[in-house]
Amino acid sequence: MSTYTDADDGYPAATFDPHAMQERWLPVWDEIAPFRSGATDDDRPTKYVLDMFPYPSGDLHMGHAEAYALGDVLARYWVQRGFNVLHPIGWDAFGLPAENAAIKRGVDPAAWTYENIATQRASMRRYACSFDWDRTLNTCDPEYYHWNQWFFLQMYERGLAYRKASNVNWCPNCQTVLANEQVVDGRCERCDTPVTKRKLTQWYFRITEYADRLLDDMDQLVGKWPDKVLTMQRNWIGRSEGAEVEFAISGREEPVTVYTTRPDTLYGATFFVVAADSDLAAELAAGTPAEEEFAAYTERVRATSDIDRLATDRPKTGVFLHRHATNPVNGEQIPVYASDYVLADYGTGAIMAVPAHDQRDLDFARAFDLPVRAVVQSEDDPVETGVATADDGPHINSGPLDGLGTAAAIERITDVLAERGTGRAAVNYRLRDWLISRQRYWGTPIPIIHCESCGEVPVPLSDLPVRLPGSSGLDLKPKGTSPLGAAAGWAEVSCPQCGRPARRDPDTMDTFVDSSWYFLRYLNPRKDDGPFDEDQARRWMPVDQYVGGVTHAILHLLYSRFFTKVLHDMGMVDFTEPFTRLLNQGMVVMEGSAMSKSRGNLVRLSDELAEHGVDAIRLSMVFAGPPEDDIDWADVSPGSSNKFLARAWRLAAGVSSEPGVDPTAGDRSVRTTAHRLIDEASQAIEVYRFNVAVAKVMELVNAARKAIDTGPGPADPAVREAVEAVAILLSLFAPYTAEDMWARLGHGPSVARAGWPEVDPALLVRDEVTCVVQVAGKVKARLTVSPDISADELEALALADESVLRALDGRPVVRAIVRPPKLVNLVPGA
RNA sequence: GCCCGGAUGGCGGAAUGGCAGACGCAGAGGGCUUAAACCCCUCGGCCCUUCGGGGCAUGCGGGUUCGAGUCCCGCUCCGGGCACCA
């Protein structure tokens with residue numbers, strides 16, 4: 001451990017000892033709890049600053065240290081600004097790692113989880129996070145997941161929670177199903193195992209019902225959330241506008257509807273494709289000569305992993321089903337194929353193929369030697385080039401559409417189809433319903449009872465929570481079915497409706513359900529007659545500032561927005577978006593590579609804290625760069641942060657005036673510098689430029705040092721004013737150092753509640769400014785002038801300057817741009 | 001393939017269209033010291049210089065402007081998102 005001794009530097013002997021300061025102030029803060037937010041008589045205006053809560057997988061790591069340092073800057077800033085800041089913390093405590101630890105080491109998932117929570121909580125306290133410790137929550141407590149179950153039943157009642165059988169993402173390693181959002185590049189988000197498909201009956205939340213609102217309400221977030229996140233959400237929802245068109249199929253009573261974004265190319269449809277894994281394909285194949293070939297083909301498709309399916313240059317395959325579809329506009333008979341390039345769960349699972357203007361259809365047409373007919377004029381011939389064309393028009397070979405551009409043709413054909421009753425305008429989404437059931441133990445039990453005679457029966461609200469049974473005696477090893485199904489005495493119940501023997505649903509909920517509403521639970525974490533207090537929600541919500549990693553740009557944020565809208569529709573909240581402003585911090589990396597758990601956490605936070613102390617790490621995290629950028633720890637030197645902190649801290653010993661001395665009696669030039677820097681730092685914080693704010697504090701420290709050593713000296717009131725400002729500003733970044741300085745300056749704790757230094761606007765007005773004089777756009781001279789100098793005066797002054805004259809070299813000035821008091825640009829003639 | 005970002009000294013990074021490189025790291029020089037560390041001060045984009053200064057500089061090429069790191073057009077490279085979504 002290093003200390004920063006200054007015994008011989010001419011200042012009073014003292015040692016800056018970060019660890020001693022930590023020991024000194026922690027108990028004091030515990031005592032005075034400066035960040036408690038729940039007092040009923042608190043009349044400060046409110047602000048809700050929320051950090052994404054951690055998963056308790058072990059102790060805190062470097063990523064947490066960055067995130068919580070950044071959130072703390074904002075929370076502490078608003079406290080200093082006089083707000084009652086709600087800055088809570090809790091634990092996202094359900095999930096697979098607890099179970100995996102249980103399987104690997106035979107520990108109880110609950111015990112493992114609560115132990116880690118205790119560890120993290122202690123680390124957060126030491127890290128000086130400005131949390132309100134009265135409001136913690138754990139999602140694995142029955143008092144919390146009770147309300148997950150309550151929400152589930154509310155959703156169920158509203159038709160927003162339902163069960164269906166479909167081909168779902170399956171992780172063979174985790175032995176559980178995954179939501180679409182948890183499949184990344186065909187692999188399991190958690191364990192990186194290639195995901196396969198299984199036909200299973202699962203629970204879903206009907207998030208697609210909210211697709212339009214999730215999209216439209218983003219208007220409220222523009223400029224307040226990172227554009228990147230909004231774009232990602234828009235892409236994910238993937239709204240597309242087009243039309244549905246009905247095709248009659250030979251040998252089938254009902255017509256088959258297709259979805260297309262290009263109904264204008266209907267005359268160019270030369271074949272028809274249904275998704276190989278759809279029920280429709282099986283139905284159409286049955287009883288035809290293709291039946292056998294089709295069966296073999298679907299078998300092959302099923303065996304193909306998602307990874308292989310993702311390869312976009314995969315050759316097109318398929319089976320002719322010995323049937324024909326009738327084009328509704330021209331009566332043309334076109335062959336029907338089954339292929340895996342059409343997705344069963346998008347649109348209607350069937351398409352009209354227009355090979356001239358769709359690359360995938362063209363690829364298929366070439367593979368199966370099918371005709372290609374261009375219906376939009378283009379210089380290029382898709383048959384020759386192998387590239388589908390995408391020109392705007394005019395249309396050809398298209399009857400009533402001939403000569404029209406794309407937009408007009410779409411409008412026209414949609415009308416025609418609507419008139420005939422064979423089609424209509426339609427909207428589709430990439431977004432799928434949210435699959436929430438998981439075949440694992442450590443999660444919220446789904447509150448449904450399956451009865452042979454009554455079917456799905458919701459657990460009565462009065463019976464909630466459905467508690468998880470203890471893990472002892474249960475086999476938690478993943479085996480594809482829920483461990484809870486084998487929990488003797490738990491799974492078997494009597495039906496709430498008919499009283500006959502029935503079984504509990506053995507699945508647990510996706511843990512993203514837990515995190516979709518936790519920000520509301522913080523308002524009254526101990527409330528036992530409802531999920532949250534609606535009055536408190538009116539007082540605090542929506543969250544003013546959310547801070548967290550961009551890894552949750554889609555999943556968690558989309559689900560939380562969905563939940564909020566459902567709550568709005570239930571009349572429980574009066575807002576439609578939960579998070580007003582969002583800050584995504586970057587990652588902490590080491591020499592370019594991520595410090596994930598799988599890579600063994602290249603740098604350990606506990607080691608860094610032991611070596612440099614809390615303040616130096618916090619300050620390094622904030623000063624390293626803009627918060628949204630990644631930090632390469634190899635570029636960071638926490639030692640130099642301590643150097644700076646020690647330098648700041650020593651300022652306190654350089655102040656000899658008494659606390660409360662009138663600053664207006666102090667040196668004016670010291671004051672103007674200090675007030676300007678305080679103002680600049682404040683502005684930087686409000687726009688998340690924390691690194692710049694720290695730079696301003698550094699400048700303030702340099703200015704104060706100079707004022708003490710070679711300026712008006714230690715007794716000047718302006719020096720006290722500046723040094724006190726250093727302590728207060730520093731309290732956002734380095735709370736221990738700031739508190740210690742504050743005490744040395746003669747004040748009681750806590751500097752965290754000292755109040756932000758007020759900037760005197762009169763001191764921001766400069767009495768002289770530097771004016772730049774350019775000749776032909778290049779700086780040739782600098783003049784010191786009064787800020788309210790007139791343009792004429794300034795120009796005359798510039799023209800009289802010696803180096804300006806030299807640069808002009810006798811040439812006449814043909815134009816003079818004069819912007820008093822900052823700039824003069826003289827443009828000489830040729 | 002489509003959609004977003006980004007590129008500034010040896011390094012991290014600053015700059016409402018108006019002094020490019022704030023602040024810091026690493027470096028050099030000096031002070032303090034028996035010495036080192038710590039601390040304090042000074043210097044610092046590159047090239048040339050008769051030491052007055054001059055030239056070139058924000059990925060590359062154009063443009064707008066009195067003036068461009070900043071705005072516009074066209075590239076290159078890097079990062080991210082989506083991707084057989086009809």
Side-chain angles (χ1 to χ4, degrees), chain A residues 2-11 15-16 185 226-236 238 240 242 258-262 265 273 275 309-314 316 339-343 345-354 357-361 363-364 428-432 550 553-554 620 623-626 628-632 634-637 639-641 643-644 646-647 650 680 684 689 691-699 701-702 705-706 709-710 770-782 803 806 814-819 822-828:
Chain A
S2 46
T3 52
Y4 298 79
T5 315
D6 58 359
D8 301 320
D9 65 359
Y11 304 104
T15 302
F16 176 78
D185 290 333
D227 286 340
K228 186 180 164 183
V229 173
L230 296 177
T231 306
M232 283 167 71
Q233 294 225 348
R234 262 185 220 107
N235 288 345
W236 189 261
S240 93
V258 302
Y259 172 75
T260 176
T261 52
R262 293 294 303 276
T265 61
V273 190
R309 292 190 65 151
L310 281 172
T312 44
D313 53 354
R314 222 158 51 97
K316 294 283 182 285
S339 171
D340 66 350
Y341 89 89
V342 172
L343 307 177
D345 59 354
Y346 183 78
T348 60
I351 62 155
M352 65 176 206
V354 184
H357 307 298
D358 182 285
Q359 192 58 46
R360 297 154 300 184
D361 296 345
D363 293 343
F364 191 88
N428 250 294
Y429 303 91
R430 217 191 67 98
L431 182 71
R432 308 291 147 87
V550 73
I554 301 174
S620 299
F623 186 57
E628 52 278 353
D629 289 2
D630 287 352
I631 296 173
D632 196 328
D635 296 331
V636 169
S637 57
S640 71
S641 292
K643 218 169 97 176
F644 160 71
R647 187 171 149 82
R650 276 193 304 270
E680 288 171 355
R689 312 297 284 175
N691 54 327
V692 177
V694 172
K696 299 299 175 189
V697 180
M698 288 173 168
E699 286 191 63
V701 167
N702 292 342
R705 180 79 270 157
K706 211 167 173 175
D709 291 348
T710 56
T770 301
C771 175
V772 173
V773 184
Q774 302 175 330
V775 175
K778 295 193 174 178
V779 181
K780 294 295 172 186
R782 292 180 178 83
S803 35
R806 195 175 334 117
V814 296
R815 187 164 171 195
I817 292 94
V818 186
R819 294 284 130 81
K822 300 275 288 181
L823 177 122
V824 176
N825 187 8
L826 303 170
V827 185

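In what follows, every heavy atom counts, from backbone to side chain, and hydrogens, waters and symmetry copies are set aside. Sequence lines set the chain letters: A, B, ... in the order given, protein chains first and strands last, and positions in each chain run from 1.
- Comparing the P positions of G67(B) and A57(B) gives an interatomic distance of 16 Å, to the nearest angstrom.
- Taking the C1' atom of each, U76(B) and G62(B) are spaced 15 Å apart, rounded to whole Å.
- Residue Asn702(A) is classed as a sugar-phosphate contact, given heavy-atom separations below 4.0 Å to backbone atoms only.
- Nearer the 5' end of RNA chain B, as judged by each residue's closest nucleotide, is the contact made by Asp227(A), out of Asp227(A) and Ile351(A).
- Phosphate proximity of A86(B) to Tyr341(A): absent, as no side-chain N or O sits under 4.0 Å from OP1 or OP2.
- Using a 4.0 Å heavy-atom cutoff across all strands shown, Lys780(A) reaches sugar-phosphate atoms only and no base atom.
- The gap from the P atom of C38(B) to that of C48(B) amounts to 34 Å, rounded to the nearest Å.
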Trace of the side-chain contact (heavy atoms from CB on, under 4.5 Å) decision for Val273(A) with Val258(A): CA-CA 9 Å; Val273(A) 190; Val258(A) 302; over 6 Å; no

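- If you take CG of Leu343(A) and C1' of A83(B), they are 11 Å apart, rounded to a whole angstrom.
- Only the P atoms considered, A15(B) is 13 Å distant from C19(B), to the nearest whole Å.
- Asp345(A) meets the side chain to side chain contact (heavy atoms under 4.5 Å, CB included) test with Leu343(A), Arg432(A); sequence neighbours excluded.
- Put simply, the side chain of Asp361(A) does not reach to within 4.5 Å of the side chain of Met352(A), judged on heavy atoms.
- Of the P atoms belonging to G63(B) and U50(B), the separation is 36 Å, rounded to the nearest Å.
- Glycosidic conformation of G13(B) is anti; the angle lies outside 90° of 0.
- With a 3.5 Å limit on both pairing distances and Watson-Crick or G-U wobble geometry required, the stems of 3 or more pairs in RNA chain B span B:1-7 with B:76-82, B:10-12 with B:23-25, B:27-31 with B:39-43, B:45-48 with B:53-56, B:59-63 with B:71-75.
- For Ala624(A), the side chain to side chain contact (heavy atoms under 4.5 Å, CB included) criterion is met by Ile631(A), Val636(A), not counting sequence neighbours.
- Every residue two or more places apart in sequence or in another chain was checked for a side chain to side chain donor-acceptor pair (under 3.5 Å) with Arg689(A), and none qualifies.
- Applying the side chain to side chain contact (heavy atoms under 4.5 Å, CB included) criterion to Phe623(A), with sequence neighbours excluded, gives Val694(A), Ala695(A), Met698(A).
- Asp632(A) has its CG atom 22 Å from the P atom of G24(B), to the nearest Å.
- Judged as a side chain to side chain contact (heavy atoms under 4.5 Å, CB included), and not counting sequence neighbours, the contacts of Gln774(A) are Val772(A), Val779(A), Leu823(A), Asn825(A).
- Between the Asn428(A) side chain and the Ser240(A) main chain, no donor and acceptor come within less than 3.5 Å of each other.
- Remark: Gln233(A) pairs with Arg561(A) by the side chain to side chain donor-acceptor pair (under 3.5 Å) rule, at least two apart or across chains.
- Nucleotides G69(B) and G61(B) place their P atoms 14 Å apart, quoted to the nearest Å.
- OP1 or OP2 of C25(B) has at least one side-chain nitrogen or oxygen of Lys643(A) nearer than 4.0 Å.
- A straight line from CD of Gln233(A) to P of C4(B) spans 17 Å, rounded to a whole angstrom.
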Pick out the pairs of N or O atoms, protein on one side and nucleotides 11-22 of chain B on the other, that lie under 3.5 Å.
{"unit_1": "G12(B)", "atom_1": "O2'", "unit_2": "Ala624(A)", "atom_2": "O", "d": "2.5"}
{"unit_1": "G13(B)", "atom_1": "O3'", "unit_2": "Asn691(A)", "atom_2": "ND2", "d": "3.2"}
{"unit_1": "A14(B)", "atom_1": "OP1", "unit_2": "Arg689(A)", "atom_2": "NH2", "d": "2.9"}
{"unit_1": "A14(B)", "atom_1": "OP1", "unit_2": "Asn691(A)", "atom_2": "ND2", "d": "3.3"}
{"unit_1": "G18(B)", "atom_1": "O6", "unit_2": "Arg819(A)", "atom_2": "NH1", "d": "2.6"}
{"unit_1": "G18(B)", "atom_1": "N2", "unit_2": "Gln774(A)", "atom_2": "OE1", "d": "3.2"}
{"unit_1": "G18(B)", "atom_1": "N2", "unit_2": "Asn825(A)", "atom_2": "ND2", "d": "3.4"}
{"unit_1": "C19(B)", "atom_1": "O2", "unit_2": "Arg782(A)", "atom_2": "NE", "d": "2.7"}
{"unit_1": "C19(B)", "atom_1": "O2", "unit_2": "Arg782(A)", "atom_2": "NH2", "d": "3.0"}
{"unit_1": "A22(B)", "atom_1": "O2'", "unit_2": "Glu699(A)", "atom_2": "OE2", "d": "3.3"}

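- Remark: Asp629(A) pairs with no residue by the side chain to side chain donor-acceptor pair (under 3.5 Å) rule, at least two apart or across chains.
- Evaluation of the salt bridge (Lys or Arg N to Asp or Glu O under 4.0 Å) rule for Arg262(A) yields Asp264(A) as partners, not counting sequence neighbours.
- When the C1' atom is used for both A14(B) and A22(B), the distance is 5 Å, rounded to whole Å.
- Residue contacts shown for Ser240(A) are limited to sugar-phosphate atoms, with no base heavy atom under 4.0 Å away.
- Between the Ser339(A) side chain and the Tyr341(A) main chain, a donor and an acceptor come within less than 3.5 Å of each other.
- Every residue two or more places apart in sequence or in another chain was checked for a side chain to side chain donor-acceptor pair (under 3.5 Å) with Thr770(A), and none qualifies.
- Two residues, Ser637(A) and Asp361(A), neighbour RNA chain B, and the one matched to the more 5' nucleotide by heavy-atom proximity is Ser637(A).
- G29(B): glycosidic angle beyond 90° from 0, hence anti.
- If you measure from atom CG of Asp358(A) to atom C1' of G1(B), you get 13 Å, rounded to the nearest angstrom.
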Please enumerate all protein N or O atoms sitting under 3.5 Å from an N or O of nucleotides 80-82 of chain B, with distances to 0.1 Å.
{"unit_1": "C82(B)", "atom_1": "O3'", "unit_2": "Arg430(A)", "atom_2": "NH1", "d": "3.0"}

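- For the P atoms, the distance linking G55(B) with A7(B) amounts to 29 Å, nearest Å.
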